[in-house]
Amino acid sequence: MTQPLFQTQPPAPLPKNLLGPGTAVLAGFALAVEDELLPALQRVTEQSPFRNMVTPSGFRMSVAMSNCGELGWVTDRTGYRYDHFDPETNRPWPEMPAVFKELATGAANEAGFPGFNPDACLINRYEPGSKLSLHQDKDERDYTQPIVSVSLGLSATFLFGGLKRTDPIQRIQVIHGDVLVWGGPARLRYHGIAPLRDGTHVQLGPVRYNLTFRKAG
Ligand code: MD3
Ligand code: FE
């Protein structure tokens with residue numbers, strides 16, 4: 001006699017939208033292209049080096065940032081904005097590498113947002129102790145477009161709230177290669193990164209990088 005395939009229930013597929021409608025957690029999605037991704041990241045940040053920007057209220061951010069693509073996110077004493085030029089080099093931001101754009105478009109498609117065409121990639125570099133306080137991403141023109149985030153290097157605790165700052169916060173661990181997509185009803189949810197714990201990633205050292213793809217303009 002043949003064995004029943006399942007004694008009780010079939011194994012549940014891992015839910016992609018465990019953070020709610022409009023979200024997708026694509027675990028390890030970037031690993032397939034990491035051999036191209038990491039050298040491309042190196043080339044971009046040789047042209048526009050990481051820097052710790054200052055918030056409008058005068059605080060130096062613990063996260064160091066760079067950008068690639070047509071538009072880059074910047075902050076200084078005058079405010080937050082997207083700019084075509086890197087204020088440190090006075091040159092346009094480096095071109096978005098094809099492997100970056102294809103990864104972002106592929107992840108968005110997988111999450112149910114076909115045709116995502118990002119014009120901005122913010123590159124965040126966290127060292128142990130660096131954090132990103134709870135905030136909304138509101139500097140983009142079109143909130144119908146999703147945001148795609150790629151985590152590399154050290155793991156981090158991602159804080160995910162609701163549409164109001166006081167809504168309850170979910171915490172999820174993100175590791176090297178994970179890709180998260182946020183769109184539709186999740187697009188304006190509050191989020192942040194808890195202070196990075198000490199550690200050393202086998203490939204990247206004592207650092208976490210996050211690539212955040214947006215349609216900004
Ligand atoms: C959820 N960066 O740069 S990306 C940021 O890991 C930023 O560096 C974090 O938040 C990081 O603005 C998190 C994940 C992310 C980005 C945008 C979102 C999550 C989001 C917009 C809406 C909801
Ligand atoms: Fe954000």
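The analysis underlying the following values was restricted to heavy atoms, covering all of them including side chains, and did not include hydrogens, waters or symmetry mates. Because the structure is a prediction, the values reported are computed rather than measured. Both ligands and their constituent atoms are indexed starting at 1 by order of listing.
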Q. Side-chain donor-acceptor pair under 3.5 Å between D139 and W73, yes or no?
A. yes
(Q) As an exercise, identify every atom of ligand 1 less than 4.0 angstrom from a heavy atom of I147. (A) 16 (C), 17 (C), 21 (C)
**Q.** Part of A186 within contact of ligand 1 (heavy atoms, under 4.0 Å)
**A.** backbone
(Q) With heavy-atom distances below 4.0 Å as the criterion, list the atoms of ligand 1 near R189. (A) 22 (C), 23 (C)
Q: Mind checking whether E140 contacts ligand 1 via backbone (N, CA, C, O), side chain (CB onward), both or neither, at a 4.0 Å heavy-atom cut-off?
A: neither
Q: Just let me know how K131 lines up against ligand 1, side chain, backbone, both or neither, with a heavy-atom cut-off below 4.0 Å.
A: neither
Q | Min N/O separation Y126 to ligand 1 under 3.5 Å | A | yes
**Q.** Salt-bridge criterion met for D86 and R51 (N-O under 4.0 Å)
**A.** yes
Q. Using a heavy-atom cut-off of under 4.0 Å, does the side chain or the backbone of L122 touch ligand 1, or both, or neither?
A. side chain
Q: Under 4.0 Å, heavy atoms only, figure out whether ligand 1 is touched by the backbone of F158, its side chain, both or neither.
A: side chain
Q: Give a yes or no on whether a salt bridge exists between R214 and D119, defined as a side-chain N under 4.0 angstrom from a carboxylate O.
A: no
Q. In terms of residue, atom name and distance, what is the protein heavy atom nearest to atom 22 (C) of ligand 1?
A. R187 O, 3.0 Å
Q. Is it the side chain (CB and beyond), the backbone, both or neither of L132 that lies under 4.0 Å from ligand 1, heavy atoms counted?
A. side chain
Q. When you measure from the Fe ion (ligand 2) to each N, O or S atom of D137, which atom gives the shortest distance?
A. OD1
Q) Using a distance-only test with no angle check, is there a side-chain donor-acceptor pair under 3.5 angstrom linking H176 and E34? A) yes
Q. How close does the nearest protein non-hydrogen atom get to atom 21 (C) of ligand 1, and which residue and atom is it?
A. H191 CE1, 3.3 Å
Q. Does E95 come within less than 4.0 Å of K101, counting only side-chain N to carboxylate O?
A. no
Q | N210 and S149: side chain donor to acceptor below 3.5 Å | A | yes
Q) In the protein, which heavy atom is nearest to atom 12 (O) of ligand 1, and how far is it? A) R214 NH2, 2.9 Å
Q: Flag this pair as yes if the NZ/CZ of R125 is under 6.0 angstrom from the six-membered ring centre of Y209 and inside a 45 degree cone about the axis; otherwise no.
A: no
(Q) Between ligand 1 and N124, is the shortest N or O to N or O distance under 3.5 Å? (A) yes
(Q) Ignoring hydrogens and geometry beyond distance, is a side-chain donor-acceptor pair present between S155 and R208 at under 3.5 Å? (A) no
Q | Contact check: S149 vs ligand 1, nitrogen or oxygen atoms, below 3.5 angstrom | A | no
